[in-house]
Amino acid sequence: MNKAERNHGVDLLRIIAMIMIVGLHFLGQGGVLESVSTGTAQYFTAWCAEAFFMCAVNIYALISGFVGINAVRTKYSRLASLWLLVEFYCIISSALKYGFYPELFTPQRLAESLMPVVTDKYWYFTAYFIMFFFTPVFNGGVRAMSRAQMKLTLAALFLLGSAAPTFFKTDIFYSHGGYSLIWISALYIAGGILRRLELHKKAKPLLCLTGAAALCAAGFAMKTLFDGGHTSGYFQDQAFMIYTSANITAAAALALLGFAGLSIRRSAAVKAIKAISPLTFGVYIIHTSEFAWENLLKNAFSGFAELPAVQFAAAAAGTVLAIFAVCCAIEAARSALFKLLRVDELLARAESAIRGKIKKNEKQNTPCGD
């Protein structure tokens, strides 16, 4: 969005969504979910958090479409900047990994570590990187639609991409549970349609967020019922607690509408949101880098399951926020370094020069009279 159009509620949701993503990785990769005993207070706390955090990735993808749909021109320098950010952390991660564990080093492994897009080191970034080149098509297509067409498209995306896999066990989108380019693209389009329909201007934030919470709670309820042996085998794959689940997808959309409808005017809050929101993507890359993922996060918090219930909840919340804060600090330092080196400015100039040459060549190759 342009600065004048910036929706601080959406930026706040971006921050919250990334904290939730850190929470998902704390629970999963951190070994917490595997360590809690079924039926204990720690079990209910951990899986309840998992159910509420599950919509975070969908929220992040919806936001991309919500803020990108009205883009007048695709800024490829922005994509190059994101790639350099990822490459920067890949280099640091590789240095740490092979510095501490030199026996793992091979030229092939190093090459794979330094090529995050083609080796799919960060599935979300790989999906986003490829999708970026199609966003002009998505944006133009959505902007050309009538309101009726947008509503029909939104319904089709939800029914075919989310409801069908949930209730009929058929992944006709080949979305692989949400870990795919197709799913991220579908959410981008959906987010763009929500923006174009301006539903956030009519929505009541409290009602939207209450609905989102209820849908997440439904996923937790189904998980709890299954573990208690009270559900049929039809939903044994936790159909209501994956990215493409109908309740999780709807919850993400409601959360976006709810936060987009917020009016945040306090200068202190706005300043904090403006400072933290641009750091969130870096938080994702840092804590899921090869070294951090395998050597710092893997089963690092399984011992939390032995803590009393209250201490467990407090320790879990504190750890997630601490990981987020540390990653924010690292990303802020990286951002300051890139700003000092004028990386974004140089990339923008390079893009402008390339566009100028292409335009010049087009004029030279245009036949007279055309």
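Using bins of under 30°, 30° to 60° and over 60° for the plane-to-plane angle, the ring pair Y179/Y243 lands in the tilted bin. Ring geometry for F132 against Y76 counts as perpendicular: the plane angle is over 60°, on a 0 to 90° scale with 30° as the lower cut. Taking the six-membered ring where the residue is Trp, W47 and Y43 present tilted rings, their angle falling between 30° and 60°.
Side-chain contact check for D344 versus K339: every heavy-atom pair is 4.5 Å or farther apart.
For F134, the CZ atom sits in a loose shell: 12 or fewer heavy atoms of surrounding residues, nucleotides or ligands are nearer than 6.0 Å. Open room surrounds CD on E34; 12 or fewer heavy atoms of other groups in view lie less than 6.0 Å from it.
The main-chain N or O of I273 is never found under 3.5 Å from a side-chain atom of D11 such that the two would form a donor-acceptor pair.
Between F291 and F100, the ring center distance clears the sub-6.0 Å criterion. Taking the six-membered ring for Trp, F240 and F167 have ring centres closer than 6.0 Å. Note: Y284 and F324 fail the aromatic proximity criterion, with ring centroids not under 6.0 Å apart.
Remark: M20 CE to L13 CG distance equals 8.0 Å, nearest 0.5 Å.
With a 6.0 Å cutoff to the six-membered ring centre and a 45° limit on the axis angle, R334 counts as a cation-pi contact of F338.
Across G161 and P165, no two heavy atoms sit closer than the pair O-CG, 3.4 Å.
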